2 protein chains.
Amino acid sequence: MPAKPYHHGNLRRALIQAALDIARDQGADRVSLRRVARQAGVSHAAPYHHFPDRSALIAAVAEEGFRSLSDAVQAVERSVAPPLERLHAAGVAYVVFAVTNPEQFRLMFSREIADTSPFPELNAAALAARGVLERAVAESRATRAVTTSEAVELAAAWALVHGLATLIIDGQLGAEAMSPDGAASLSRSAINSFWSQAAQ
Amino acid sequence: MPAKPYHHGNLRRALIQAALDIARDQGADRVSLRRVARQAGVSHAAPYHHFPDRSALIAAVAEEGFRSLSDAVQAVERSVAPPLERLHAAGVAYVVFAVTNPEQFRLMFSREIADTSPFPELNAAALAARGVLERAVAESRATRAVTTSEAVELAAAWALVHGLATLIIDGQLGAEAMSPDGAASLSRSAINSFWSQAAQ
DNA sequence: GCCTAATCTTTCCGCTGTCAACATCATGGA
DNA sequence: TCCATGATGTTGACAGCGGAAAGATTAGGC
């Protein structure tokens, strides 16, 4: 049994996991290449054989995040049939995902991977996640009196849940909202509030 | 005429301005203490006589940002009378401010000043800005059939405009939305879309 | 079984935030 | 008026960071 083999075996995977652990435990801003390498028990330059630079590591972590987000939203969608309620449930799931994985969520929307062109797989995962929300919006349109374009409705829906997510995990909507249950409850209310005020 | 006086005169002010310039020109993530000091024509340790650490500089820049935001929203509010339209206009102004000053907006919500307890003046400015939106929400409630709590309505309204702001400046809602006019138009549509879908 | 390429380490660079020690100067009390 | 003190600025140091270069080690195909 080799105590410390020269080659790691699956360092790429281990680095992504280490980044996730550090983000979860110490915050997304503390995810440095050197710290990640240290946590993975490897020299600080080893990551460069698996990622061209720091942003590529973040992109890999974010890519997994978008896949998890897609999965989480789709799982909730499967349990709700009526299209409008489905859309609402998808929105709540988006917020709950962010509150459950706040640091990974921050990495997913961090500035250094804003330009996804160097990371086609991240781009695909992000587009897929956006597609899930897009489909929920589109399918709900058949059941409503629609006066706005689909693009605007998608933007509005996404903005609402994304705004809730970021404000909540930044602590700006109160401490109660930072628990999954609190976040779910607040999102549900917030989403409903926009439709319950028809009388102007 | 002293070419370079040993004492700057108003270095604190100059450092804040330099940080703003660097953020605007090169991005919020490139605002480093040393770069700011360099831009202000001063040694790299000089800022420490005016700010205890880097986050305090950011806090000062953010503080000014929140004041500008309050001013911008209030200026628009003054030109609109009906409470609901006023609320909508305030929301559009919030988004337009973010799109007009994207890097400063990012600094205002950057992670390192998320805990405002060390910066009471930043906290006050942020609370004041939130108060402007809060008042617009509260005053509009009298003109509507209200079924949700004020707290939830505030959260929903804030989340919608904050989500629009962050998504737009991150380029996730398309390039057209990144101009002030495009942002205003999209925000108006998005805000209206939530009220025009009463028929479920 | 060996050669090549992949993987990992060591060493180096410039940049960053922060601190300590020192230099300069503005200002108010004797 | 002068000078001492505190405010403001500089220099130099340190550790941690992202990244490049060069050498060590090993896995895997021929």
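For clarity, every value in this text was computed on a predicted model and none was experimentally measured.
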Should B:H50 be listed as having a side-chain N or O under 4.0 Å from OP1 or OP2 of D:dG9?
yes
In B/S/- notation, 5' to 3', how is nucleotides 12-19 of chain D contacted by protein heavy atoms closer than 4.0 Å?
BB---BBB
Can you confirm whether B:L20 sits close enough to B:Q17 that some side-chain heavy atom of one is under 4.5 Å from a side-chain heavy atom of the other?
yes
Can you find a side-chain donor-acceptor pair between A:S179 and A:D181 that sits under 3.5 Å?
no
Nucleotide D:dT8, atom C1' - distance to CG of B:L15 in whole Å:
12 Å
Side chain to side chain contact (heavy atoms under 4.5 Å, CB included) for B:Y94 and B:L164? Distances and angles first, verdict last.
CA-CA 9 Å; B:Y94 187 103; B:L164 282 169; over 6 Å; no
Any side-chain donor-acceptor pair under 3.5 Å between A:R130 and B:Q172?
no
When the distance from CZ of A:F51 to C1' of C:dT7 is rounded to whole Å, what number comes out?
14 Å
Selection: residues 107-116 of chain A, any non-hydrogen atom under 4.0 Å of DNA chain D:
none
Any residue meeting side-chain contact (heavy atoms from CB on, under 4.5 Å) with A:T116, in chain and number order, not counting sequence neighbours
A:L122, A:N123
Whole angstrom is fine here: how far is it from CG in B:L11 over to P in C:dA26?
15 Å
What is the separation between atom NE2 on A:H49 and atom C1' on C:dT7, rounded to the nearest whole Å?
6 Å
For B:R67, give me all partners under salt bridge (charged side-chain N to carboxylate O under 4.0 Å, His left out), at least two apart in sequence or on another chain.
B:E63
Using whole Å, what does the distance between atom C1' of nucleotide D:dG9 and atom CG of B:N10 come to?
15 Å
Under the side chain to side chain donor-acceptor pair (under 3.5 Å) test, which residues partner B:R106, sequence neighbours left out?
B:E103, B:D170
According to side chain to side chain donor-acceptor pair (under 3.5 Å), who are the partners of A:S79, at least two apart in sequence or on a separate chain?
none
